[in-house]
Enquirer: 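I have a structure here, written as structure tokens, and I will follow up with some questions on it.
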Amino acid sequence: MRPGEERPVDGGARAGVSELELLKLRAAERIDEAAERLGALSRAIWSEPELAYEEHRAHGVLTRFFECEPPAASWTVQPHYHLATAFRAEWGPPGAGATPRPLQLGFLCEYDALPGIGHACGHNLIAEVGAAAALGVKGALESLPGPAPPVKVIVLGTPAEEDGGGKIDLIEAGAFKNLDVVFMAHPSQENAAYLPDVAEHDMTVKYYGKASHAAAYPWEGLNALDAAVLAYNNLSVLRQQMKPTWRVHGIIKNGGVKPNIIPSYSELIYYFRAPSMKELPVLTKKAEDCFRAAALATGCTVEIKGGAHDYYNVLPNKSLWKVYIENGKKLGIEFISEDAMLNGSSGSTDFGNVTFVVPGIHPYFYIGTDALNHTEQYTEAAGSQEAQSYTLRTAKALAMTALDIIFKPELLERIKEDFKLKLQEEGFSNTVE
């Protein structure tokens, strides 16, 4: 009988506890057994923060972690997987690869840091959660007395979430092809199975004017800084007509070199966010009009360049998050209400793009502090010993959820149906099988 059939266990097992629940306990035990190694992994990443696409040490630490995971050579590890600092580690029970189509579950690790303040978003803990959850699923399946179901446990190291969108690069390279469900979790100030991470578009705006002596003959110049200031003010005025769910934030990166020289060049960087990819172009069109109007008013020329990748909004998958909540509650996790979850505010992530090609879950978890992400205080908390118990508890909930998917085919079908429905609502169709 397969574990998903929920029958009482014979022999020395606890009466009334299903085989599946015992497997979940084994997953949690396996994570506890590896706690010291997992904590060391997290600390190694935290202690030497690296920026997007430059996470060479973190890449080495993570690939060695799986290469050395006992028993020897149990994980097939591909370093530099499509990107210099990405990797793939894969495990499957004996015979899994011989089946026509084993179930493939992906666990994602992030490990890039922020400039100046290190791991203020706790990506060292994201890497730890992904690795720990994968170990938990592997340990549970290895404990089965008979043949394990055909499944592959895949860990993807995904660099450059904070800048550039490494997951998008990996999507384009085919790294998510054939994955059935993906898992990751993000540190926060609360426990939430989902938060509405929004769509985001970057713009770099450059104004080109004409230099001149600012006192002797300013009329000969074209002031690129004036264009930047006008653009900034145009967007500030636009805010009155913006939807409450839209977000616009930017900086003037370059505004000239000396007060007595009319600035011939200025540069702004802006981020634009909206709840969905359907709304985002509406906002960005209004912003582009603001930028072009400033160029027209000052006589400057303008160059508007979008970022390499747009970050998509994270698609919710209710069937998936409900099971995660059920498992989390068994571990003592106290979640915010569904209303607070659906109406909460959040940022943007390249995991959103992943949820447009494969069903996924991106819960948030408390790490023992009320400090806010992207602050020095959160950097300190992400490297603390206190964060460890919360991080491993979250990994256990993810592993338990993965086991539900493995042994409950009807759950996987509901997850896929939710995925297709959300794609249709967004006006997309699935392009990765």
Enquirer: Determine the minimum heavy-atom distance between Pro275 and Trp246, stating which atoms define it.
Expert: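 Taking every non-hydrogen atom into account, CD-CD1, 4.0 Å.
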Enquirer: When you check the gap from the basic side-chain N to the acidic O, do Arg26 and Glu29 get nearer than 4.0 Å?
Expert: yes
Enquirer: Can you list every pair that meets ring pair (Phe, Tyr, Trp, His ring centres under 6.0 Å) and has a residue in residues 22-65, with sequence neighbours left out?
Expert: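 Listed once each, the pairs are His59-His80.
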Enquirer: What distance separates Leu315 CG from Asp418 CG, expressed to the nearest 0.5 Å?
Expert: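 Answer rounded to 0.5 Å: 11.0 Å.
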Enquirer: Looking at Glu267 and Lys305, is there a salt bridge between them, counting it only when a charged N and a carboxylate O are closer than 4.0 Å?
Expert: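 No, no charged N to carboxylate O under 4.0 Å.
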Enquirer: Using the ring pair (Phe, Tyr, Trp, His ring centres under 6.0 Å) rule, collect all pairs that involve residues 124-160, keeping only residues at least two apart or in two chains.
Expert: none
Enquirer: Would you say that Met341 contacts Trp321 through its side chain, given a criterion of any heavy-atom pair below 4.5 Å between the two side chains?
Expert: yes
Enquirer: Report yes if the distance between the aromatic ring centroids of Tyr265 and Tyr207 is under 6.0 Å, otherwise no.
Expert: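 No - the distance between ring centres of Tyr265 and Tyr207 does not fall below the 6.0 Å cut-off.
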Enquirer: For the CD atom of Gln377 and the CD1 atom of Ile117, what is their distance to the nearest 0.5 Å?
Expert: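 If I round to the nearest 0.5 Å, the distance is 9.5 Å.
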Enquirer: Are more than 12 heavy atoms, taken from residues, nucleotides or ligands other than Lys330, located less than 6.0 Å from that residue's NZ atom?
Expert: yes
Enquirer: Which residues satisfy the salt bridge (Lys or Arg N to Asp or Glu O under 4.0 Å) test with Lys422, sequence neighbours excluded?
Expert: Glu425
Enquirer: Angle class for the Phe66/Phe87 ring planes (parallel below 30°, perpendicular above 60°, tilted otherwise)?
Expert: tilted
Enquirer: Leu411 vs Lys322, test: side chain to side chain contact (heavy atoms under 4.5 Å, CB included). Steps then yes/no.
Expert: CA-CA 11 Å; Leu411 171 60; Lys322 284 177 67 177; over 6 Å; no
Enquirer: One pair to check against side chain to side chain contact (heavy atoms under 4.5 Å, CB included): Thr284 and Met203. What are the steps and the verdict?
Expert: CA-CA 9 Å; Thr284 56; Met203 280 190 204; 3.7 Å; yes
Enquirer: Under the salt bridge (Lys or Arg N to Asp or Glu O under 4.0 Å) rule, collect the residues that match up with Lys416, sequence neighbours excluded.
Expert: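 Partners of Lys416 under the salt bridge (Lys or Arg N to Asp or Glu O under 4.0 Å) test: Asp180.
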Enquirer: Are any side-chain N or O atoms of Ser42 and backbone N or O atoms of Leu38, one a donor and one an acceptor, separated by less than 3.5 Å?
Expert: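 No, because the side chain of Ser42 does not come within donor-acceptor range (under 3.5 Å) of the backbone of Leu38.
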Enquirer: Which residue pairs pass the ring pair (Phe, Tyr, Trp, His ring centres under 6.0 Å) test when at least one of the two sits in residues 129-165, sequence neighbours left out?
Expert: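 Output for this query is empty, none listed.
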Enquirer: Among residues two or more places apart or on two chains, list those pairs meeting side-chain hydrogen bond (donor to acceptor under 3.5 Å, both in side chains) that have a residue in residues 136-146.
Expert: Lys138-Glu142
Enquirer: For Phe351, give me all partners under ring pair (Phe, Tyr, Trp, His ring centres under 6.0 Å), at least two apart in sequence or on another chain.
Expert: His362
Enquirer: Set out, in order, the CA-CA distance, both residues' side-chain angles and the distance that settles ring-ring contact (aromatic ring centres under 6.0 Å, His included) for Phe335 and Tyr324, then state yes or no.
Expert: CA-CA 11 Å; Phe335 293 95; Tyr324 174 77; 5.8 Å; yes
Enquirer: If the threshold is 4.0 Å, N to carboxylate O, is there a salt bridge linking Glu67 and Arg64?
Expert: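 No salt bridge links Glu67 with Arg64.
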Enquirer: Side chains of Met400 and Leu331: does their closest heavy-atom pair fall under 4.5 Å?
Expert: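 Counting from C-beta outward, Met400 and Leu331 do come under 4.5 Å.
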Enquirer: Between Phe176 and Phe356, does the ring centroid distance fall short of 6.0 Å?
Expert: no
Enquirer: Using ring pair (Phe, Tyr, Trp, His ring centres under 6.0 Å) as the criterion, list what pairs up with Phe272, not counting sequence neighbours.
Expert: Tyr270
Enquirer: Measuring from Met184:CE to Glu161:CD, what's the distance to the nearest 0.5 Å?
Expert: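 The distance works out to 7.0 Å.
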Enquirer: Could you measure the distance from the OG1 atom of Thr245 to the CZ atom of Arg273? Nearest 0.5 Å is fine.
Expert: 13.5 Å
Enquirer: To the nearest 0.5 Å, how far apart are CD in Glu410 and OG in Ser319?
Expert: 10.5 Å
Enquirer: Which pairs would a plain distance check flag for residues 186-198, meaning a side-chain donor or acceptor within less than 3.5 Å of a matching protein atom at least two apart in sequence or in another chain?
Expert:
unit_1, atom_1, unit_2, atom_2, d
Gln189, NE2, Ala371, O, 3.1
Gln189, NE2, Asn373, OD1, 2.5
Asn191, OD1, Tyr366, N, 3.0
Asn191, ND2, Glu334, O, 3.4
Tyr194, OH, Val314, O, 3.1
Asp197, OD1, Ser346, OG, 2.6
Asp197, OD1, Tyr364, OH, 2.7
Asp197, OD2, Tyr364, OH, 2.7

Enquirer: Taking only residues two or more places apart in sequence or in another chain, which ones pass ring pair (Phe, Tyr, Trp, His ring centres under 6.0 Å) with Phe365?
Expert: none
Enquirer: Not counting sequence neighbours, list each pair that qualifies as a ring pair (Phe, Tyr, Trp, His ring centres under 6.0 Å) and has a residue in residues 138-173.
Expert: none
Enquirer: Would you please name every residue forming a ring pair (Phe, Tyr, Trp, His ring centres under 6.0 Å) with Tyr81, sequence neighbours left out?
Expert: none
Enquirer: Side chains of Gln388 and Glu128: any donor to acceptor distance under 3.5 Å?
Expert: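 Yes - a donor-acceptor pair under 3.5 Å links their side chains.
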